[in-house]
Amino acid sequence: AACEKPDVDAAVAAARRAFDSGPWTKMRPNERSRIIWKIGDLILKYTEELAQLESIDNGKPIAVARGADVVLAADIFHYMAGWATKIEGSVLDLSVHYTPGIEYQAFTRKEPIGVVAQIIPWNFPLLMAAWKLAPVLASGCVVVMKLAEETPMSGLFLAQIMQEAGVPDGVVNMLTGFGETCGAPLAAHPNVDKVAFTGSTEVGKLIVKAASNDLKKVTLELGGKSPNIILEDADLDVAIAGAAMGIFFNHGQACCAGSRLFVQEKIFDKVVAGIADIGKKIKLGPGLDPSTEMGPMVSQTQYDRVSGFLTSGREQGATALCGGKPVTGNGYFIEPTVLVNTNDQMKVVQEEIFGPVLTAMPFKNVDEELIRRANDSLYGLAAGIFTTNINKAHKIANRLKAGTVWVNCYNIFDASMPFGGYKQSGWGREMGHEVLKNYLETKSVCVSLGAAI
Ligand code: NAI
Ligand code: MG
């Protein structure tokens with residue numbers, strides 16, 4: 001169903017009712033915790049159903065959906081179940097003494113912000129829903145979520161799972177529909193207290209505008225063009241495999257994809273040849289075929305978009321060590337691609353491609369110049385460093401403007417580890433206890449204790 005404004009109004013009204021007068025806000029934290037935990041258990045119980053839906057809808061290999069998307073989605077609910085009982089303020093000793101002899105005591109309460117609107121993309125449909133919904137439930141908020149138009153199925157199944165787990169009516173409301181006709185009215189809705197968005201930086205800016213009417217709180221998880229740096233002292237097997245996974249995982253349709261590779265001159269040829277070898281061997285095919293290692297792009301639009309970048313790269317002088325073309329024929333397949341003879345100014349190096357396309361560039365020394373080039377992006381979501389030198393690893397990690405830095409690994413996610421971006425990669429963080437801040441208001445309660453005893 002393509003929901004529009006009247007459906008948005010109905011969903012927000014249901015959420016408002018549930019928040020203002022429903023059982024959810026009156027429920028004790030340990031009851032909420034048990035429900036959230038059960039959602040995690042049920043996700044694991046329905047692994048096969050969820051993995052199939054994800055693979056059919058998005059095109060990703062079913063083994064990946066099973067082993068990564070579903071497992072990580074369950075994890076965040078189990079992790080957040082623990083936080084529901086650990087949300088606390090603090091007691092403050094005040095220094096004021098307006099009236100001699102009068103003492104004050106103050107404390108802070110952490111209260112759920114209210115009705116949250118969440119809008120998510122299609123690249124990890126279930127996981128993005130889970131990352132966003134679990135902290136909402138732990139904080140005691142209620143939510144209206146708009147699923148991506150390309151991939152609504154696992155989110156709808158998740159809503160069913162939530163009902164089975166005992167989430168009361170009105171607490172989680174799912175909308176299917178398009179961005180402009182469903183997402184935009186949701187982001188601007190006067191009865192929504194907070195908007196959390198994951199998607200393109202372009203739409204992130206529209207969300208901020210929509211929310212600015214009544215100054216709703218906003219968090220954003222947006223695009224990236226993440227640098228991956230390989231030093232000449234790296235364990236090359238680890239670095240080559242890590243760099244390949246960094247760009248080819250999820251067909252490169254990942255906001256944190258390690259898409260700008262910087263390799264120290266001496267080992268450049270060996271490293272890029274190694275990554276290209278891996279790229280050439282990746283088996284493309286339909287997601288449900290168990291032997292498939294990489295599926296198709298999610299849609300014709302994304303296929304055209306990535307194809308356009310490949311053309312642009314070629315026109316600006318880049319050469320492909322592997323791939324370099326869309327696969328013609330059945331399906332939206334793009335060959336895993338490693339581009340060399342690229343420079344920092346090219347469109348393929350500056351813009352987010354969101355496909356299995358790596359741009360590789362050599363560097364001479366580990367110095368200011370390398371750090372400057374790695375940070376030369378309007379994004380700052382993630383970065384990778386491969387080295388066996390612990391000093392350099394930490395020094396470089398500290399200098400990179402990125403929300404996550406992986407050392408000798410890439411694309412490692414954990415429910416406890418905050419994820420989000422510097423610069424135009426977003427506002428705020430997902431996961432960890434940090435994400436709870438997005439959904440809680442702090443109230444200071446100041447009590448006069450009267451004159452001293
Ligand atoms: P998008 O940002 O348009 O879509 C993401 C979500 O926002 C979808 O649910 C969509 O319906 C919704 N949306 C679109 N326009 C909206 C509006 N005006 N108001 C409210 N909601 C709106 O991303 P799209 O078009 O699917 O992909 C375009 C590019 O964005 C990709 O090639 C990629 O570079 C980037 N992207 C980044 C993602 C990330 O994880 N950071 C995820 C998806 C896309
Ligand atoms: Mg769009």
Side-chain angles (χ1 to χ4, degrees), residues 2-5 8 57-60 69 117-129 131-132 144-152 154-155 174-189 192 195-213 216 218-226 249-257 259 297-310 332 334 347-348 350-357 377-382 403-404 411 413 419-430:
C3 296
E4 295 193 356
K5 177 85 171 54
V8 173
D57 232 3
N58 168 280
K60 66 179 70 194
D69 300 67
Q118 301 188 316
I119 300 172
I120 59 167
W122 43 262
N123 53 340
F124 297 90
L126 174 70
L127 188 57
M128 292 301 107
W131 280 8
K132 285 226 168 347
V144 179
M145 172 171 273
K146 191 197 87 64
L147 302 164
E149 56 267 40
E150 295 85 353
T151 54
S154 57
M174 292 290 193
L175 294 170
T176 54
F178 295 96
E180 279 172 27
T181 42
C182 181
L186 178 60
H189 202 289
V192 163
V195 187
F197 172 77
T198 298
S200 61
T201 292
E202 183 195 352
V203 173
K205 292 176 184 174
L206 296 177
I207 298 285
V208 170
K209 286 203 186 99
S212 73
N213 259 343
K216 294 184 214 320
V218 177
T219 42
L220 305 166
E221 206 269 88
L222 307 174
K225 188 74 183 177
S226 298
F249 176 64
N250 213 45
H251 325 163
Q253 300 173 141
C255 44
C256 52
S259 49
M297 298 289 101
V298 71
S299 64
Q300 171 94 51
T301 308
Q302 289 304 118
Y303 173 82
D304 291 343
R305 197 184 173 96
V306 178
S307 305
F309 273 109
L310 292 174
Y332 308 132
I334 302 276
K347 195 167 132 102
V348 283
Q350 281 298 322
E351 295 183 22
E352 182 174 50
I353 298 177
F354 230 61
V357 183
S377 168
L378 56 89
Y379 299 112
L381 193 56
T404 298
N411 280 336
F413 304 98
F419 180 79
Y422 282 44
K423 299 192 263 183
Q424 292 190 39
S425 289
W427 290 350
R429 296 291 179 269
E430 311 266 2

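Just so you know, ligand 1 is whichever comes first in the structure, and atom 1 is the first atom listed for that ligand.
Among all protein heavy atoms, the one lying closest to atom 38 (C) of ligand 1 is F354 CZ, 3.4 Å. Scanning all protein heavy atoms for the shortest distance to atom 30 (O) of ligand 1 gives S200 CB, 3.0 Å. Atom 14 (C) of ligand 1 has its closest protein heavy atom at G179 CA, 3.5 Å. Scanning the protein for heavy atoms near atom 12 (C) of ligand 1, the closest one is I119 CG2, 3.7 Å. In this structure, atom 7 (O) of ligand 1 lies nearest to the protein heavy atom F197 CE1, 3.2 Å. Atom 34 (O) of ligand 1 has as its closest protein heavy atom E352 OE1, 2.8 Å. Ranking the protein heavy atoms by distance from atom 10 (C) of ligand 1 puts E149 OE1, 3.4 Å first. Protein heavy atom at the shortest distance from atom 42 (C) of ligand 1 is P121 CB, 3.3 Å.
Looking at Q302 against ligand 1, only its side chain comes within 4.0 Å, counting heavy atoms. Contacts with ligand 1 closer than 4.0 Å are made by no heavy atom of M128, backbone or side chain. The proximity of R305 to ligand 1, defined as any non-hydrogen pair under 4.0 Å, is limited to the side chain. Contact annotation: for L186 versus ligand 1, there are no heavy atoms closer than 4.0 Å.
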Query - Derivation and outcome, side-chain contact (heavy atoms from CB on, under 4.5 Å), residues F354 and R305 - result: CA-CA 9 Å; F354 230 61; R305 197 184 173 96; 5.6 Å; no
Query - W131 and F124: CA distance, side-chain angles, deciding distance, ring pair (Phe, Tyr, Trp, His ring centres under 6.0 Å) verdict - result: CA-CA 10 Å; W131 280 8; F124 297 90; 7.7 Å; no
Query raised in the report: Given V192 and K216, is the side-chain contact (heavy atoms from CB on, under 4.5 Å) satisfied, shown in steps?
Result: CA-CA 7 Å; V192 163; K216 294 184 214 320; 3.9 Å; yes
Report task. Please report the C-alpha distance between F419 and C255 in whole Å, then the side-chain angles of each, then the deciding distance to 0.1 Å, and finally whether the side-chain contact (heavy atoms from CB on, under 4.5 Å) criterion is met. Result -> CA-CA 11 Å; F419 180 79; C255 44; 4.2 Å; yes
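In this structure, F124 has no heavy atom closer than 4.0 Å to ligand 1. At least one heavy atom of A148 lies less than 4.0 angstrom from ligand 1.
Here the side chain of E352 pairs a donor or acceptor atom with the backbone of G224 at under 3.5 angstrom. Under a 3.5 Å cut-off, the side chain of K423 and the backbone N or O of L381 do not form any donor-acceptor pair. Under the 3.5 Å distance criterion, the side-chain polar atoms of K225 are matched with a main-chain donor or acceptor of E351. A side-chain donor-acceptor contact under 3.5 Å links Q118 to the backbone of K132. A distance-only check finds a donor-acceptor pair linking the side chain of S425 to the backbone of G223 [under 3.5 Å].
At a threshold of 4.5 Å between non-hydrogen side-chain atoms, the residues L222 and Q424 do not count as touching.
Inside a 4.0 Å radius of atom 18 (N) of ligand 1 there is at least one protein heavy atom.
Between L222 and ligand 1, a contact under 3.5 Å exists for at least one N or O pair. Checking only distances, G177 never comes within under 3.5 Å of ligand 1, N or O to N or O.
Classified by interplanar angle (parallel below 30°, tilted 30° to 60°, perpendicular above 60°), the ring pair Y303/Y332 is tilted.
In the vicinity of A184, heavy-atom distances shorter than 4.0 Å reach the ligand 1 atoms 19 (N), 20 (C). Residue I207 has at least one heavy-atom neighbour below 4.0 Å for each of these atoms of ligand 1: 20 (C). Ligand-side atoms of ligand 1 in range of G183: 19 (N), 20 (C), 21 (N), range being under 4.0 angstrom from any heavy atom. The distance from ligand 1 to the heavy atoms of L206 drops below 4.0 Å at these ligand atoms: 18 (N). Each of the following atoms of ligand 1 lies closer than 4.0 Å to a heavy atom of N123: 40 (O), 42 (C). Under a 4.0 Å criterion applied to the non-hydrogen atoms of I120, ligand 1 contributes the atoms 6 (C), 8 (C), 9 (O).
Shown here for A187 and I207, the closest heavy-atom pair between the two residues is CB-CD1, 3.9 Å. Heavy-atom minimum distance, L175 versus C3: CD2-SG, 3.9 Å.
Scanning C182, G355, C255 for the heavy atom closest to atom 39 (C) of ligand 1 points to C255. One option in L175, L220, T198 has a heavy atom closer to atom 5 (C) of ligand 1 than any other, and that option is T198.
No side-chain donor from either of Q253 and K60 sits under 3.5 Å from a side-chain acceptor of the other.
Within 6.0 Å of CD in Q300 there are more than 12 heavy atoms belonging to other residues, nucleotides or ligands.
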